[in-house]
Protein chains: 2
Amino acid sequence: MTEKTYQHIKELLSEAGLKATHPRIAVLHELMLSDEHPSAEQLHDRVSRQYPSVSLGSVYRVLEKLVEADLVYQVATRGGSKRYDANLEQHCHIYSINTEEIQDYYDPELNELIKNYFHEKQVSNFKITDIKLQINGEKRDPKSKVTIV
Amino acid sequence: MTEKTYQHIKELLSEAGLKATHPRIAVLHELMLSDEHPSAEQLHDRVSRQYPSVSLGSVYRVLEKLVEADLVYQVATRGGSKRYDANLEQHCHIYSINTEEIQDYYDPELNELIKNYFHEKQVSNFKITDIKLQINGEKRDPKSKVTIV
DNA sequence: CTCCTAAATGAGAATTATTCCTATTTGGCT
DNA sequence: AGCCAAATAGGAATAATTCTCATTTAGGAG
Ligand SMILES: [Mn+2]
Ligand SMILES: [Mn+2]
Ligand SMILES: [Zn+2]
Ligand SMILES: [Zn+2]
């Protein structure tokens with residue numbers, strides 16, 4: 001990781017009021033590098049290559065804190081394991097049930113449509129944090145990506 | 001359960017090519033009675049009152065089969081336990097993170113909007129089974145319902 | 001820079017959620 | 001009524017996550 005990225009991540013943590021520890025920096029960095037919404041265990045495998053001393057328990061604890069601090073998004077799934085996303089921009093998820101993959105789908109026009117639709121709605125007894133569109137289905141060729149145009 | 005409901009559920013199972021066993025009838029019936037997207041364990045608790053011999057393992061197996069047969073929908077969550085829905089009509093879910101509640105939100109206009117939006121999209125390498133809007137946030141008063149109008 | 005302390009971590013036990021195994025039972029068919 | 005493939009009960013096994021506690025560390029104070 002470049003010195004620049006490392007410093008940037010430290011700042012993100014500090015600004016959020018979190019100690020910039022090695023496990024936290026390493027986990028957040030790995031998550032930022034990934035676009036596949038990894039699980040705690042997958043992140044631990046990757047982090048372990050550079051920092052073999054980071055424990056799986058710490059990865060779980062770190063992720064909990066990062067989610068709490070809104071530095072990381074926790075993705076909804078149909079079971080299995082918890083999955084995480086460091087991409088906080090508004091986007092949708094394509095869930096492939098057969099492969100357990102979660103692929104990002106960016107569509108500013110759709111985001112706008114939904115935002116406007118809810119803008120004129122009255123929501124009571126609830127504080128909305130985000131609205132997410134889930135596209136569920138089955139990937140045909142597991143090796144290639146899904147495209148929507 | 002009325003004789004009518006009982007017969008109806010038996011037919012649903014038969015039509016799906018599933019043996020109409022007591023555990024299946026009881027689980028599907030309980031799930032149909034509920035609008036709170038219960039977990040396997042919650043369903044087992046409820047089913048046990050009428051049929052104490054139905055095991056938790058069977059509830060898990062039954063739910064797996066019902067999902068496979070498209071008689072039941074498996075809801076996406078941010079972890080904890082798997083949750084189920086017998087309501088197969090197109091609708092949205094309001095996720096209350098603090099209370100773990102999942103409330104239905106019906107909005108035909110929104111369904112239409114999304115359906116039309118995707119109607120003119122080309123999706124490749126993917127067979128879409130459903131598109132679901134998740135409204136995430138925190139419930140203010142846990143005792144009363146959330147409303148969106 | 002060194003010291004101090006609250007906060008975070010590593011290691012492993014414990015808990016929770018789910019799946020698997022196998023002897024027994026049962027629903028649906030003849 | 002009898003048959004048998006399929007499903008179940010009960011319990012063991014596994015997977016995923018959380019907890020406990022002795023030790024370490026980040027970051028502020030001096
Ligand atoms: Mn889950
Ligand atoms: Mn689990
Ligand atoms: Zn994403
Ligand atoms: Zn629902």
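Chain letters run A, B, ... following the sequence lines, proteins first and then strands; every chain starts at 1.
Straight-line distance from the CD atom of B:Gln42 to the P atom of C:dT18: 11 Å, rounded to whole Å. Atom OH in A:Tyr51 sits roughly 19 Å away from atom P in C:dA8 (whole-Å rounding). Look at CD1 on B:Ile25: it is 13 Å from C1' on D:dA7, rounded to the nearest Å. In this structure, CZ of B:Arg83 is placed 11 Å from P of C:dT18, rounded to the nearest angstrom. Across the protein-nucleic acid pair, B:Tyr60 atom OH and C:dC21 atom P stand 18 Å apart, rounded to whole Å.
The list of ring pair (Phe, Tyr, Trp, His ring centres under 6.0 Å) pairs with a residue in residues 97-149 of chain B, not counting sequence neighbours, reads B:His91-B:Tyr106.
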Quick one, give me the B/S/- string for nucleotides 24-30 of chain C, reading 5' to 3', where B means a protein heavy atom under 4.0 Å from the base and S means that only happens at the primed atoms, P, OP1 or OP2.
--BBS--

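Within residues 61-71 of chain B, the residues having any heavy atom closer than 4.0 Å to DNA chain D are, in order of number, B:Arg61, B:Val62.
The residue among A:Gly57 and A:Gly17 whose nearest nucleotide of DNA chain C is located toward the 5' end is A:Gly17. With DNA chain C read from its 5' end, the first of the two nearest nucleotides for B:Ser39 and A:Val54 is the one closest to A:Val54. If A:Leu56 and B:Pro52 are placed on DNA chain D by their nearest nucleotide, the residue sitting closer to the 5' end is B:Pro52.
Residues satisfying the side-chain contact (heavy atoms from CB on, under 4.5 Å) test with B:Ser144, not counting sequence neighbours, are A:Asn125, B:Asp141. A:Asp130 meets the salt bridge (Lys or Arg N to Asp or Glu O under 4.0 Å) test with B:Arg78; sequence neighbours excluded. For A:His37, the ring-ring contact (aromatic ring centres under 6.0 Å, His included) partners two or more places apart in sequence, or in a different chain, are A:His93. Every side-chain contact (heavy atoms from CB on, under 4.5 Å) that A:Lys145 has, sequence neighbours left out, goes to A:Asp35, A:Gln103. When the side-chain contact (heavy atoms from CB on, under 4.5 Å) test is applied to A:Glu138, the partners found at least two apart in sequence or on another chain are A:Asn98. With sequence neighbours excluded, the residues that form a side-chain contact (heavy atoms from CB on, under 4.5 Å) with B:Arg61 are B:Ser58, B:Glu64.
Side-chain N/O atoms of B:Lys82 include one lying less than 4.0 angstrom from OP1 or OP2 on C:dT19. Using a 4.0 Å cut-off, some side-chain N or O of A:Ser55 falls inside it from OP1 or OP2 of C:dG10.
In the hydrophobic clustering (ILVMFWY side chains linked at under 4.5 Å, chained through shared members), A:Leu88 is joined by A:Tyr73, A:Val75, A:Tyr95, A:Ile102. Here A:Leu56 is tied into one hydrophobic group with A:Tyr60, each link being a pair of ILVMFWY side chains closer than 4.5 Å.
Backbone-only contact: A:Ser53 has heavy atoms under 4.0 Å from sugar-phosphate atoms and none from a base.
Comparing the local axis fitted to the first five base pairs of the helix from C:dC1-D:dG30 to C:dT30-D:dA1 with the one fitted to its last five gives a bend of 40°, rounded to 10°.
Using modelled atom types, one side-chain atom of B:Gln42 and one backbone atom of B:Ser39 make a donor-acceptor pair closer than 3.5 Å. Looking at B:Gln90, its side chain never comes within 3.5 Å of a backbone N or O of B:Asp107 through a donor-acceptor pair.
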